[in-house]
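Step one of this worksheet: look at the structure below.
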Amino acid sequence: SGCRESKVRVKAHFDYSPETDPYIPCKEAGLAFNRGDVLHIVSQDDAYWWQARKETERSARAGLIPSRALQERRVIHERTQKAQGNDSKSTCTSICYTPPASPMLTSNNSNNTSNTNSTITCRGPKTKKIMYDLAENNDFDREMIATYEEVAKLYPRQGVYRPIVLIGAPGVGRNELKRRLMARDPEKFRNPVPYTTRPIRQGEVAGREYIFVTREKMEADIAAGKFIEHGEYKGHLYGTSGESVKAIVNTGSVCILSPHYQAIKALRTPQLKPYIVHIKPPSFEKLKESRTSARAKSTFDETNSRGFTDEEFEEMIKSAEKIDFLYGHFFDDEILNDDLAHSFEILVSC
Ligand code: 5GP
């Protein structure tokens, strides 16, 4: 059929090696790539195996890569296995692929044709308790699995910074990191003023700490989808509007946010294109060491002034694992926050 024109350019959000892929019908026909590579998709005719070229190797022959659908299923399967404490990729109980024969494979690799039509069957141990039930977990959304992203969506206008979103377990220190960034360069790093329905307190200035609104107005705006995140605390609504993020972005500053991880869904729009960083806690021992010294107490989050209990450290680590499980594929970067000053330097250099 000759060489077809590239229809779609995508950026890969994962590393791929046909060598180690147990599902590819023919390893020699595969195209290896790394996370971040831009690929030209030559054919999407097959449901499971697309044909692509790397942008940097446009004269090379096209190779097979897993389709978005196949990769999504693989990720769901692997995460489920991981959550079950089973890291072996070869034992699979729930996913079996039937890759249809590809014209490229059958014509070029006659000794492999027997593979292309066969069902890849997998046998494994009985299903153990699933820690995160993907079908029932509200945090989980199939569309949230990052596989390939169309390149046109990725690059915003020139001179405009992507918002930086710091995600992390409560108490890990992302609010302190946010404060430090804004203190370092208040013109460059800015945080949108949140909305609230609570009454203004003495010493507060409307529009500085919060934008104060009525519950009626805020509920209507939430219903209209104007908030990228919102929550209720002690009977009052709080939230950040998408408009206030855009306003900061449009003035050329870096908008910096540290919302609950569930806000990732609302933030991941082609308009906002946030740069999402997971602030991770170190090991239990390191956490204890770094968060209980007198110096650490004064520098880590204000929530920490009373000190953390062992249970709270364990909770923080578990929470970070859950966040990684649910949203790991969206993180543009991860910072291990064992030392605030060091983490801050890493963040500034991002
Ligand atoms: P305060 O009323 O004392 O200023 O804030 C109380 C709590 O409101 C904060 O600790 C925080 O949990 C919550 N809060 C403040 N701003 C926001 C926001 O923009 N969104 C959400 N979801 N909660 C907020």
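Values reported hereafter were calculated over all heavy atoms of this structure, with side chains retained and with hydrogens, waters and symmetry mates removed. Numbering of ligands and ligand atoms starts at 1, following listing order.
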Problem set entry | Proximity of His260 to ligand 1 by residue part, where a heavy atom lies under 4.0 Å | neither
For this session: Decide side-chain hydrogen bond (donor to acceptor under 3.5 Å, both in side chains) for Arg73 and Tyr23; before the verdict, give the C-alpha distance in whole Å, the side-chain angles of both, and the deciding distance to 0.1 Å.
Result: CA-CA 12 Å; Arg73 291 175 65 175; Tyr23 303 119; over 6 Å; no
For this session: Mark whether atom 21 (C) of ligand 1 lies under 4.0 angstrom from at least one protein heavy atom.
Result: yes
For this session: For the pair Lys288 and Glu285, find out whether any cationic side-chain nitrogen is under 4.0 Å from an anionic carboxylate oxygen.
Result: no
For this session: Under 4.0 Å from a heavy atom of Pro194: give me the atoms of ligand 1 that qualify, with their elements.
Result: 19 (O)
Exercise. Can you tell me how far CZ of Phe14 sits from CD1 of Ile65, rounded to the nearest 0.5 angstrom?
Worked result: 7.0 Å
For this session: Please assess Tyr210 against Tyr238 for the test ring-ring contact (aromatic ring centres under 6.0 Å, His included), listing each intermediate value before the final yes or no.
Result: CA-CA 9 Å; Tyr210 292 101; Tyr238 294 83; 5.7 Å; yes
Exercise. Taking it one step at a time, do Arg179 and Glu176 satisfy salt bridge (Lys or Arg N to Asp or Glu O under 4.0 Å)?
Worked result: CA-CA 5 Å; Arg179 267 195 292 276; Glu176 178 57 27; 3.4 Å; yes
For this session: For ligand 1, note which part of Tyr210 has a heavy atom under 4.0 Å away: side chain, backbone, both or neither.
Result: side chain
For this session: Classify the side-chain pair Ser343/Asn337 by whether it contains a donor and acceptor separated by less than 3.5 Å.
Result: yes
Exercise. Does the N or O separation between Arg201 and ligand 1 drop below 3.5 Å for any pair?
Worked result: yes
Exercise. Hey, is atom 10 (O) of ligand 1 under 4.0 Å from any protein heavy atom?
Worked result: no
Seminar exercise, completed: Taken to the nearest 0.5 Å, the spacing of Leu166 CG from Ile279 CD1 works out to 5.0 Å
Problem set entry | Proximity to ligand 1 by part of His230, non-hydrogen separation under 4.0 Å | backbone
Exercise. Is ligand 1 under 4.0 Å from a heavy atom in the side chain of Glu204, in the backbone, in both, or in neither?
Worked result: neither
Exercise. Rounded to the nearest 0.5 Å, what separation is found between the OG1 atom of Thr147 and the CZ atom of Arg68?
Worked result: 4.5 Å
Problem set entry | Enumerated ligand 1 atoms positioned under 4.0 Å from heavy atoms of Gly231 | 22 (N)
Exercise. Is any N or O atom of Tyr238, backbone or side chain, closer than 3.5 Å to an N or O atom of ligand 1?
Worked result: yes
For this session: Would you mind listing which atoms of ligand 1 come within a distance below 4.0 Å of any non-hydrogen atom of Glu229?
Result: 18 (C), 19 (O), 20 (N), 21 (C), 22 (N)
